[in-house]
Amino acid sequence: MRYDLIIFDNDGVLVDSEPISNTILAAYLTELGHPTTYEESVRDYMGAALHRVHDLVLERTGRKLPDDFDDTLHTRVFGAFERELKPVDGVEEVLAGLRVAGAAYCVASSGHHERIRVGHRTTGLDRWFPEEVVFSAQDVGRGKPAPDLFLYAARRMGVEPARCAVVEDSPLGVAAARAAGMDVYGFTAMTPEERLAGADGWFSVMADLPALLA
């Protein structure tokens, strides 16, 4: 393998959460008087930390979201996760192959640690990701598209950025990986390839990822 560390995004790459979370986010913003379609939520917020939602709503409307916005959103999303969430098809086979090959991997997500853990417990992915290889935007000052989270994950894993490959499905994540000086591979199951134009390669099914990393 060409890389010493594979860094996975979480939502949409490991767990099939983006349709669930963006449906709920769009509905909640609309409920609060900020009409938002599912498509607009995916376009504006997919792959971003929650502070981006606050920032964009304030910038566009001059109104702040409620103080309990994050807690309410998490409660709704976590409830839906427990009922509906599945791992991304084929990702466990990819992880098993990395483990057999002795390749190091981790997750670096814009989501809070609790969101990551709820998703992993629900889908059974927690057996692949012990606490020491789980990194969140909570751990750094700025989320994607800033490079901070990926650089933090690489530092904690003891690997130079140039020896890392990132697996991402959002334009913000691709931009963050490029800014961190890492190769990045775009997962196009939900995001068109042209929106991930800065990636080093693209794949639409998980079974094709190992060949890109080899």
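No hydrogens, no waters, no symmetry mates; every other heavy atom, side chains included, goes into these values.
- Ring geometry, F81 versus F78: the interplanar angle falls from 30° to 60°, so the pair is classed tilted.
- You'll find the side chain of T191 stays beyond 4.5 Å of the side chain of S170, heavy atoms only.
- Sorted by first and then second residue, the pairs that involve residues 169-198 and meet ring pair (Phe, Tyr, Trp, His ring centres under 6.0 Å), not counting sequence neighbours, are F187-F203.
- The number of heavy atoms from other shown groups lying within 6.0 Å of CG (D89) does not exceed 12.
- E59 contributes atom CD, which lies 8.0 Å from atom CG of D55 (distance to the nearest 0.5 angstrom).
- How far CZ of R43 is from CD of E40: 5.0 Å, rounded to the nearest 0.5 Å.
- With rounding to the nearest 0.5 angstrom, the CG atom of L85 is 8.5 Å from the CG atom of L125.
- Separation of the F129 and Y105 ring centroids falls under the 6.0 Å cut-off.
- Nearest heavy-atom pair across V15 and G119 is CG1-O, 4.1 Å.
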Inset, instruction - May I have the step-by-step check of side chain to side chain donor-acceptor pair (under 3.5 Å) for S17 and D11, ending in yes or no? - result: CA-CA 5 Å; S17 56; D11 293 292; 2.4 Å; yes
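- For the pair L32/R63, no side-chain contact is recorded, criterion being any heavy-atom separation below 4.5 Å from C-beta on.
- Annotation for E160: atom CD does not count as buried by contact number, only 12 or fewer foreign heavy atoms lying within 6.0 Å.
- Salt bridge E131/R117: present, at least one basic N to carboxylate O contact under 4.0 Å.
- D169 and G12 get closest at one heavy-atom pair: OD2-CA, 3.4 Å.
- Within the structure, ring pair (Phe, Tyr, Trp, His ring centres under 6.0 Å) contacts touching residues 6-40 (residues at least two apart or in different chains) are Y28-F69.
- Here salt bridge (charged side-chain N to carboxylate O under 4.0 Å, His left out) pairs that include residues 170-187, with residues two or more places apart or in two chains, are R178-D200.
- Listed for the R155 side chain is no donor-acceptor partner under 3.5 Å among the backbone atoms of P161.
- Contact record, L5 with A154: CD2-CA, 4.1 Å, taken as the closest heavy-atom pair.
- From R156, atom CZ reaches atom CZ of F135 across 5.0 Å, with rounding to the nearest 0.5 Å.
- Between M157 and I7 there is no side-chain heavy-atom pair separated by less than 4.5 Å.
- Across F150 and M182, no two heavy atoms sit closer than the pair O-CE, 3.3 Å.
- Counting heavy atoms from C-beta outward, D139 and D148 have side chains that stay 4.5 Å or more apart.
- S136 OG to E114 CD: the interatomic distance, rounded to the nearest 0.5 Å, is 11.0 Å.
- The minimum heavy-atom distance linking A26 with S41 is given by the pair CB-CB, 4.1 Å.
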Inset, instruction - Might you work through the side-chain contact (heavy atoms from CB on, under 4.5 Å) test for L29 and L65, ending with a clear yes or no? - result: CA-CA 9 Å; L29 287 172; L65 290 169; 4.0 Å; yes
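- Between R2 and L212, the closest heavy-atom pair is NH2-O, 2.6 Å.
- Residue D68 holds its CG atom at 12.5 Å from NE2 of H74, rounded to the nearest 0.5 Å.
- Between P171 and L196 the shortest side-chain heavy-atom distance falls below 4.5 Å.
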